[in-house]
Amino acid sequence: MPTRIIAYYRVSTKRQGESGLGLEGQQTAVKEYAIRHGAAILAAYQEIESGKRSDRPKLLAAIAHAKRSKAQLVVAKLDRLARNVHFLSSVMESGVDFVAVDNPTANRLTVHILAAVAEAEAKSISERTTTALAAAKRRGIKLGAARPGFWTPERHQRRLVGLSKATKRSVAIRREQARTAYADLAASMKDRRDAGASLQAIADGLNAEGHTLRNGQPWSRQAVRIILKRFA
């Protein structure tokens, strides 16, 4: 059962957003879901946008918050999240657990079935390849780098160059992952700093709002300093 929830509310028009039309029903549904499952709503994000679009900053911020805090993203209705399977897939690929209160199994019936089909096919191909290679080895055939004459000086040099590039790429990927994890908070942190807030005050504010570091630890002044420097 989830213990922490990130709620996401969406209304389609500015008029609905200002009047609260449709929003109150969503909030009630999510609150009732939280009560039933003994969960706490850590934060809530509200957006006025068309469901056909996928470039929604509030939703992206909600996903980042849920992923960082290891919380569950909850919407009142499945169509509040998106109207196409492709976007649902992208949300699932983010690694965030999410549920639609009106049909908590619908996302799994649509997205996971498609993913399961692809996974089964990939597994089948892998098993056939493994079986063929094992049969070749039993016949005494040398494979890959074990083949005589495989490691020529030129090939060894290319291997070293490739390892160097892979290492640099790995470092770049880790940096980008860290940058993405806190991108939704960077602007707010900068605004607070520009307004004269101390690093510790910013950290205290983030902790009070339910934000954590990727490892689940609370924000510290040093962590705030690092993020501000990274996004400077």
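All values reported here derive from a predicted model rather than from experimental measurement. Positions are given from 1, in the same order as the sequence printed here.
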Indicate every side-chain donor-acceptor pair of residues 188-199 with a distance under 3.5 Å to a residue at least two apart or in another chain.
{"residue": "S188", "atom": "OG", "partner": "R192", "partner atom": "NE", "Å": "3.3"}
{"residue": "S188", "atom": "OG", "partner": "R192", "partner atom": "NH2", "Å": "3.4"}
{"residue": "K190", "atom": "NZ", "partner": "D194", "partner atom": "OD2", "Å": "2.9"}
{"residue": "R192", "atom": "NH2", "partner": "E209", "partner atom": "OE1", "Å": "3.2"}
{"residue": "R192", "atom": "NH2", "partner": "E209", "partner atom": "OE2", "Å": "2.7"}
{"residue": "R193", "atom": "NH1", "partner": "A197", "partner atom": "O", "Å": "3.1"}
{"residue": "S198", "atom": "OG", "partner": "A201", "partner atom": "N", "Å": "3.0"}

Are there more than 12 heavy atoms of other residues, nucleotides or ligands under 6.0 Å from atom NZ of K70?
yes
Determine whether the side chains of Y9 and E47 contain a donor N or O and an acceptor N or O closer than 3.5 Å.
no
L185, I6: one ILVMFWY side-chain cluster at the under-4.5 Å cut-off?
no
Check whether any side-chain heavy atom of R36 sits under 4.5 Å from a side-chain heavy atom of V101, and report yes or no.
yes
Are L73 and Y8 close enough that some pair of their side-chain heavy atoms sits under 4.5 Å apart?
yes
At their closest point, which heavy atom of V96 faces which heavy atom of A66, and how far apart are they?
CG1-CB, 3.8 Å
Sidechain-backbone polar pair: R4 side chain, S69 backbone, donor-acceptor under 3.5 Å:
yes
Residues 225-232 side chain polar contacts: donor-acceptor under 3.5 Å, at least two apart:
{"residue": "R225", "atom": "NE", "partner": "Q222", "partner atom": "OE1", "Å": "3.4"}

May I ask whether L206 and L42 are part of the same hydrophobic cluster, defined by side-chain heavy atoms of I, L, V, M, F, W, Y residues being less than 4.5 angstrom apart, directly or through others?
no
Please list, chain by chain and in numerical order, all residues satisfying side chain to side chain contact (heavy atoms under 4.5 Å, CB included) with T129, sequence neighbours excluded.
I125, L133
Test side chain to side chain contact (heavy atoms under 4.5 Å, CB included) applied to Q72 and V99, step by step
CA-CA 8 Å; Q72 184 179 60; V99 66; 3.7 Å; yes
With sequence neighbours left out, the residues meeting salt bridge (Lys or Arg N to Asp or Glu O under 4.0 Å) with D184 are R68
What do you reckon, is CZ of R169 surrounded by more than 12 foreign heavy atoms closer than 6.0 Å?
no
Separation of D102 CG from Q26 CD (nearest 0.5 Å):
10.5 Å
OG-CG distance between S220 and N207, expressed to the nearest 0.5 angstrom
8.5 Å
Measure the spacing between NZ of K31 and CD of E24 and express it to the nearest 0.5 Å.
8.5 Å
For E32, which residues count as a side-chain hydrogen bond (donor to acceptor under 3.5 Å, both in side chains) partner, sequence neighbours excluded?
none
How would you list all residue pairs meeting ring-ring contact (aromatic ring centres under 6.0 Å, His included) that involve residues 208-230, not counting sequence neighbours?
H65-H211, Y182-W219
Please give me the minimum heavy-atom distance between V30 and A76, naming the atom from each residue.
CG2-N, 4.0 Å
With sequence neighbours excluded, what pairs up with R138 under the side chain to side chain contact (heavy atoms under 4.5 Å, CB included) test?
A134, A135
Within one Ile-Leu-Val-Met-Phe-Trp-Tyr cluster: L23 and Y33, side-chain cutoff 4.5 Å
yes
